[in-house]
Enquirer: 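My structure is below; once you've seen it, I'll send some questions.
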Number of protein chains: 2
Amino acid sequence: MWIDVAWTGQEVDEQRVKGHVAVVIDVLRATTMIATLLDAGARDVWPVTEVEEARQLASSLGKGIEKGTLLAGERGGLPPEGFDFGNSPREVSAEKVRDRSVVVTTTNGTLAINRSVAADAVVTAAFVNVGAVADWMLDRAPERLLVVCAGTVGRFSLDDALCAGALVDRLTDKFSNRAPVELSDSALAARSLYQQSADNLLAAISNCKHGKNLIRLGLGADLAVAANVDALHVVPILEPSSGGRYRLLAAS
Amino acid sequence: MWIDVAWTGQEVDEQRVKGHVAVVIDVLRATTMIATLLDAGARDVWPVTEVEEARQLASSLGKGIEKGTLLAGERGGLPPEGFDFGNSPREVSAEKVRDRSVVVTTTNGTLAINRSVAADAVVTAAFVNVGAVADWMLDRAPERLLVVCAGTVGRFSLDDALCAGALVDRLTDKFSNRAPVELSDSALAARSLYQQSADNLLAAISNCKHGKNLIRLGLGADLAVAANVDALHVVPILEPSSGGRYRLLAAS
């Protein structure tokens with residue numbers, strides 16, 4: 001198995017993902033939120049890039065189903081006007097989201113998902129479900145894997161790189177008995193960064209730019225949730241829907 | 001002091017380097033070669049992007065000076081036809097290069113230099129002269145520093161990232177008594193990668209993609225030269241010349 005890591009969603013295009021299984025990571029907080037929503041029983045999660053698009057999609061999805069569709073997401077770390085949730089997994093409960101569709105828009109994570117749709121399959125990972133994603137990958141056994149860090153507005157983001165490294169670390173462990181694993185330079189680097197911080201992930205993500213921003217916004221408690229490795233057992237997988245849209249479902 | 005690291009020359013443009021001092025790094029092998037040439041007494045080094053452009057410049061420079069201008073560089077790791085040198089520092093001696101101009105073209109390093117020219121100053125670094133560059137920076141004390149890894153054809157290259165990390169490590173040490181040093185996420189990551197491999201740099205760069213390529217080409221001995229930390233005391237600095245061209249000189 002060949003494993004490569006892209007540091008930003010902007011690095012990724014159809015050519016780079018084609019023939020790969022893609023794992024999209026936005027630890028703070030899109031993919032932590034997506035795992036939390038599906039784990040709490042949400043029917044599906046619709047990632048869209050723009051706020052206005054999110055409002056329109058929620059309204060159109062809402063018409064056809066018994067319970068209304070929920071809107072979640074952030075701009076500058078905070079929920080846009082009229083949204084049911086921000087991007088904080090601490091707001092999510094089974095009571096609020098069970099069997100509901102949730103439309104999510106975030107600054108970096110949804111862009112990274114939308115740039116990866118040409119892959120053979122797209123799943124999302126965060127520290128909270130990295131073990132579940134590694135197990136799913138062991139069953140699927142792809143020949144080529146591209147881990148897509150969302151990054152921050154086109155720049156390297158250490159929190160995402162650390163989580164990519166956690167996934168590479170798990171996969172090289174799990175696959176070592178089955179087939180040779182070959183790592184790109186960025187995959188080697190991600191694993192090395194993770195191994196150096198594995199004993200104190202919360203400190204590491206509190207010290208990076210994105211973590212500091214959230215602390216400044218009074219959302220520091222989200223970091224502890226995001227650093228809770230293997231708390232959830234869900235694997236969000238992208239599925240095409242009508243109208244060129246995509247939704248994330250819990251893989252069975 | 002603010003320190004940022006770009007993983008590839010392609011990431012860099014006028015907007016990103018403006019107001020920064022830039023340090024360009026292409027460990028395997030452009031900036032190792034440039035330091036070696038200037039340390040061996042070359043008058044100056046002219047970095048150009050294209051092979052044909054290199055031939056033309058060498059020919060035009062050669063006319064006006066007593067001794068002929070030399071041509072050095074590589075494509076696919078090997079010297080283009082008619083070049084005096086490849087890109088191997090082991091070919092360089094004071095006898096061959098003293099007081100001569102050398103035109104250098106390489107796949108990634110010269111592109112990274114040419115994309116950084118809008119910076120307040122541009123110097124080049126490699127493991128061989130990382131300490132000299134850190135000392136020079138201590139005198140210059142810029143407010144904003146951008147370390148530009150050349151990368152490999154637009155992709156992250158671990159050898160360059162390790163050297164960027166060595167420089168960040170030296171600078172945070174040296175500046176810690178003078179002014180607060182703030183690191184971007186990529187600068188934090190580079191330093192962390194370096195610290196994990198500092199005890200065995202040669203193994204680390206032998207295990208990355210570019211190192212493996214050179215070993216395959218029979219140029220593995222260049223890796224040991226490139227990993228020889230602080231072997232040279234020269235700081236190559238970029239200076240504008242006529243016709244929109246730039247040359248590197250040993251900083252005094």
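Chain letters run A, B, ... following the sequence lines, proteins first and then strands; every chain starts at 1. Note that the structure is a prediction, hence the values are computed from the model and not measured.
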Enquirer: Measure A:Arg16 against the heavy atoms of chain B and call it side chain, backbone, both or neither at under 4.5 Å.
Expert: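 For A:Arg16, the contact with chain B is made by the side chain alone.
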Enquirer: Any side-chain heavy atom of B:Arg155 within less than 4.5 Å of one from A:Asp4?
Expert: yes
Enquirer: Quick one: what part of B:Ala189 sits under 4.5 Å from any heavy atom of chain A, side chain, backbone, both or neither?
Expert: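 Both backbone and side chain.
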Enquirer: What's the spacing between A:Leu158 CG and B:Ser186 OG if we round to 0.5 Å?
Expert: 9.5 Å
Enquirer: Could you tell me whether A:Lys18 atom NZ has more than 12 heavy atoms of other residues or ligands within 6.0 Å of it?
Expert: no
Enquirer: Nearest 0.5 Å please: distance from the CG atom of B:Leu188 over to the CG atom of A:Asn207.
Expert: 5.5 Å
Enquirer: Checking B:Asp160 against chain A: side chain, backbone, both or neither under 4.5 Å from a heavy atom?
Expert: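 For B:Asp160, there is no contact with chain A at all, as no heavy atom is under 4.5 Å.
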Enquirer: Mind checking whether B:Trp7 and A:Trp7 have parallel, tilted or perpendicular rings, split at 30° and 60°?
Expert: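 Ring orientation of B:Trp7 relative to A:Trp7: tilted.
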Enquirer: Inspect the surroundings of CD in A:Glu52 and state if more than 12 heavy atoms from other residues, nucleotides or ligands are less than 6.0 Å away.
Expert: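 Yes, enclosed.
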Enquirer: Do any N or O atoms from the side chain of B:Asp185 and from the backbone of A:Lys209 form a donor-acceptor pair under 3.5 angstrom?
Expert: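 Side chain of B:Asp185 to backbone of A:Lys209: a pair is present.
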